[in-house]
Novice: 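Below: one structure in structure tokens.
Throughout, protein chains are lettered first and strands after them, A, B, ... in sequence-line order, and every chain is numbered starting at 1.
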Amino acid sequence: MKVIIAEKPSVAREIARVFGANTKKDGYLEGKGYTFTWAFGHLLQLAPPQEYGFYGWNIRNLPMLPQKFKLSVRKVKTKDGIVEDPAVRKQLDIIQRLFDEATEIIVATDAGREGELIFRYIYYYLKCKKPFKRLWISSQTDEAIKNGFRNLKPGTEYDTLFNSAHCRSQSDWLVGMNATQALSISCGNRSVLSLGRVQTPTLAMICARYLENKNFVPQQYYQVSIQLDKDGQVFKAISAKSYKTKEDAETILEKVEDIASGFPNGGHITSVEAKPRKEPPPLLHDLSSLQQEANKKMGFTAEQTLGILQNLYEGKLITYPRTGSRYIGDDVFAGIPELISKYKDHPEFGKQATFLTGHKLGKRSVNAAKVTDHHAILPTGEPAYQLSGDRQAMFNLVVGRMLESFHQECIKEITKITIESGSTFTASGTVISSAGWRSVFNEADEEKKDEENASLPKVKRDENLPVVDKVLLEKQTKPKALYNEATLLKALETAGKEIEDDELRYAMKDSGLGTPATRAAIIETLIKRDYIKREKKSLLPTDTGLAVYNIVKDQRIAQAELTGSWEKRLEEIRSGASVNEFQEEIRTYTRSITQDLLKSELKVAEPHQPIK
DNA sequence: GCAAGGTC
């Protein structure tokens, strides 16, 4: 009997379906001489410090550098404290029994570094010695699965991938556990002051932006706005220049040739420019873009969005949500017309779905090379009945975005009118001449400035129009906005793009900080540590957060570059470079940061949480 | 009591 193990139940089910196996058993599926079982993500984790004899949080244990790491079963928090997750234990027992009976093991965890780690930790924990083959596919259509099975690779081909994954895992443990204990102990051991490769740069970004915002000195400046009348249609124009002093602006104001000053037609049109601008449809959603959108439109936190999406996914209404790709392959695209046609009667989207079934679809989101472990988020086409408000709203974002993505360009006409009336004024307005994808949600453009005109009348060069009103505008320069969940997620995704070192920037180019699956959890961790708090929609540092930031802000652990340098080395390990060398560097770094942190003091008198 | 990674 051959055993296939997937990363999660949904993938095992898909593969089993392709094989025509449909006997359901407890923890696996069976049929056609195969069994199809699964993990639930990481079932095993690196064992905590006490399993190496490092008891309590004690300076004598630091730095903690286990000679050999152990694995332990994933834990879960209950009212009786932290215990082994019984569901995980049960699944491990099932996998063990299946492996024992297996003539061959086929690894079908996700095609990537963590997928490899998920399997290998199970394999080594169960002390399995049987050889295994690797299924390596990047989409889960029938054809891709069949093809993958015709091209199974020897398991050993992925040994270096496992090495890099294991190094990532150990390095995060060494740096995170030691830095956390060192900082907490040196600050009096009154509360957990955690540090880590991802959470600390994230905290630093929030703190730096907060301080920049708080210390920003706004500059006062002035402009003059006038209103013109074209056959009864009034529109706004604003002075081309802005002025540092009120006096300068008042001079300009007085020079305006408006009706009240005795000029019946004092607005002289000197130029009219109209340019069409094409706006391509947006890409399909990945998790991060959907979290950002749901935060902007509905105010959901990243964690709430993830929870709702997981729920829709378990109800088979949407495809896998924790994806980092905004593309689909040609195989999935082939099914899109049929999928869209299922929404022809949808109360909100029916009209656009019907429109699209009669038109050639845009292919901006179709690119097989940009599909990694999972493709972009799509509805499955299953009918969705009586969803709760939140789930319905989220589902609509997914369906709506699908329609947008395969829709046509939006064509806008951007008009700029220049007017002389004592000095130079400009009026601008944007008119949508063909809505294209924008007709799906039919929402107003987000970033419309105050001075923009919703529509402009048709005017010609050399026309003279009456100026019916004029006003002095007092304005201030604005600081960069504080982070909210949407902008922070975006910043985490693009973290590393500003790194000067070409190699480090390259190493981070596809990753950023954290992963789609973990970013919501990172934000929640910072909140749980009382490092940051939500205030309205913004994320603000607390006094504790700022104090920790002050201690570590110049250290490598507070910088995205640390991830860049690890990613570079991990990629080298994947292509065969020495594991020991990197591990030794990490140990050296762990010793040094532990030493540094043990000297620190928390310079804030904030109330601490008692130790549990 | 700690990391970051994955998932139900």
Novice: When we call it a touch if two heavy atoms are under 4.0 Å apart, what does A/Gln50 touch: a base, just sugar-phosphate, or nothing?
Specialist: base

Novice: If only side-chain N and O atoms of A/Arg529 are considered, is one of them under 4.0 Å from the OP1 or OP2 phosphate oxygen of B/dC2?
Specialist: yes

Novice: For the residue pair A/Lys8 and A/Tyr313, would you count it as a cation-pi contact if the rule is NZ or CZ under 6.0 angstrom from the ring centre and within 45 degrees of the ring axis?
Specialist: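 No.
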
Novice: Hey, are A/Ser288 and A/Gln292 close enough side-chain-wise for a donor-acceptor pair under 3.5 Å?
Specialist: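 Indeed, the side chains of A/Gln292 and A/Ser288 share at least one donor-acceptor pair under 3.5 Å.
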
Novice: Contact class for A/Val192 (heavy atom, under 4.0 Å): base, sugar-phosphate, or nothing?
Specialist: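 If one applies the 4.0 Å heavy-atom cut-off, A/Val192 turns out to touch a base.
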
Novice: Over how many whole Å does the gap from A/Leu562 atom CG to B/dA4 atom P extend?
Specialist: 11 Å

Novice: Between A/Glu567 (CD) and B/dG5 (C1'), how many Å, whole number?
Specialist: 12 Å

Novice: Would you mind telling me which residue lines up with the more 5' stretch of DNA chain B, A/His42 or A/Gly81, judged by nearest nucleotide?
Specialist: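 Its nearest nucleotide lies further toward 5', so the answer is A/Gly81.
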
Novice: Quick check: any donor-acceptor pair below 3.5 Å linking the side-chain of A/Asp172 to the base of B/dG5?
Specialist: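 No, no donor-acceptor pair under 3.5 Å.
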
Novice: For A/Phe99, does the CZ atom sit with more than 12 other heavy atoms under 6.0 Å from it, leaving out its own atoms?
Specialist: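 Check passes, neighbour count above 12.
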
Novice: Verify the contact: side-chain N or O of A/Arg322 to OP1 or OP2 of B/dT7, cut-off strictly under 4.0 Å; return yes or no.
Specialist: yes

Novice: Going by the side chain to side chain donor-acceptor pair (under 3.5 Å) test, which pairs reach into residues 375-396 of chain A, not counting sequence neighbours?
Specialist: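 Matches after skipping sequence neighbours: A/Asn311-A/Arg391, A/Glu348-A/Asn396, A/Gln392-A/Asn396.
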
Novice: Taking CD1 from A/Ile122 and P from B/dT7, how many angstroms apart are they, rounded to a whole number?
Specialist: 13 Å

Novice: Checking contacts here: which listed nucleotide (B/dG5, B/dA3, B/dC2) is nearest the side-chain heavy atoms of A/Arg168?
Specialist: B/dG5

Novice: To the nearest Å, give me how far apart CD (A/Gln170) and P (B/dA3) are.
Specialist: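 It works out to 18 Å between those atoms.
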
Novice: Tell me: CD1 of A/Ile523 to P of B/dA4, nearest whole Å?
Specialist: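 Answer to the nearest Å: 13 Å.
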
Novice: Just the rounded figure in Å: distance from P of B/dG1 to CD of A/Gln181.
Specialist: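 Rounded to the whole Å, the gap is 12 Å.
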
Novice: Could A/Arg519 and A/Glu493 be called an ion pair, given the rule that one side-chain N must be under 4.0 Å from one carboxylate O?
Specialist: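 Not counted as a salt bridge, because no side-chain N and carboxylate O are separated by less than 4.0 Å.
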
Novice: Looking at A/Gln199, does any N or O in its side chain come under 4.0 Å of the phosphate oxygens OP1/OP2 on B/dA3?
Specialist: yes

Novice: How is A/Leu46 classified with respect to the nucleic acid when contacts are heavy atoms under 4.0 Å: base, sugar-phosphate, or nothing?
Specialist: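 Base contact.
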
Novice: Among the nucleotides B/dT7, B/dG5, B/dA3, which one has an atom lying closest to any side-chain atom of A/Glu114?
Specialist: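 Looking only at side-chain atoms, A/Glu114 lies closest to B/dG5.
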
Novice: Using a 4.0 Å heavy-atom cut-off, does A/Gly115 contact any base of the nucleic acid, only the sugar-phosphate backbone, or nothing at all?
Specialist: nothing

Novice: Taking the side chain from A/Arg401 and the backbone from A/Leu283, do they hold a donor-acceptor pair closer than 3.5 Å?
Specialist: yes

Novice: Would you please confirm or rule out a distance under 4.0 Å between OP1 or OP2 of B/dC2 and any side-chain N or O of A/Arg197?
Specialist: no

Novice: Which residue, A/Glu7 or A/Pro49, contacts DNA chain B at a nucleotide closer to its 5' end, judged by nearest heavy atom?
Specialist: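 Upstream on the strand: A/Pro49.
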
Novice: What integer distance in Å separates A/Trp566:CH2 from B/dA4:C1'?
Specialist: 9 Å

Novice: Just how far, in rounded Å, is P of B/dG5 from CZ of A/Phe162?
Specialist: 17 Å

Novice: Please indicate yes or no: is the ring centre of A/Trp173 less than 5.5 Å from the centre of the six-membered base ring of B/dA4, with the two planes inclined by under 30 degrees?
Specialist: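 Stacking is absent between B/dA4 and A/Trp173, given that the ring centres and planes do not meet under 5.5 Å and under 30°.
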
Novice: Nearest to the side chain of A/Ser194 - B/dC8, B/dC2, B/dT7?
Specialist: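 Taking heavy atoms from C-beta onward, the closest nucleotide is B/dC2.
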
Novice: Using a cut-off of 4.0 Å on non-hydrogen atoms, how would the nucleic acid contact of A/Asn178 be classed: base, sugar-phosphate, or nothing?
Specialist: nothing

Novice: Categorize A/Phe54 for me: base, sugar-phosphate, or nothing, with a 4.0 angstrom heavy-atom threshold over every strand shown.
Specialist: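 No contact.
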
Novice: Less than 4.0 angstrom between a side-chain N/O of A/Gln310 and OP1 or OP2 of B/dC8, yes or no?
Specialist: yes

Novice: Please confirm whether the shortest side-chain N or O distance from A/Ser169 to OP1 or OP2 of B/dA4 is below 4.0 Å.
Specialist: no

Novice: A/Thr180 side chain N/O closer than 4.0 Å to the phosphate oxygens (OP1, OP2) of B/dA3?
Specialist: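 False: A/Thr180 side-chain N/O out of range (4.0 Å or more) of B/dA3 OP1/OP2.
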
Novice: Centre of A/Tyr158's six-membered ring, under 6.0 Å away, within 45 degrees of the axis: is that where NZ or CZ of A/Arg134 sits?
Specialist: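 So A/Arg134 does make the cation-pi contact.
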
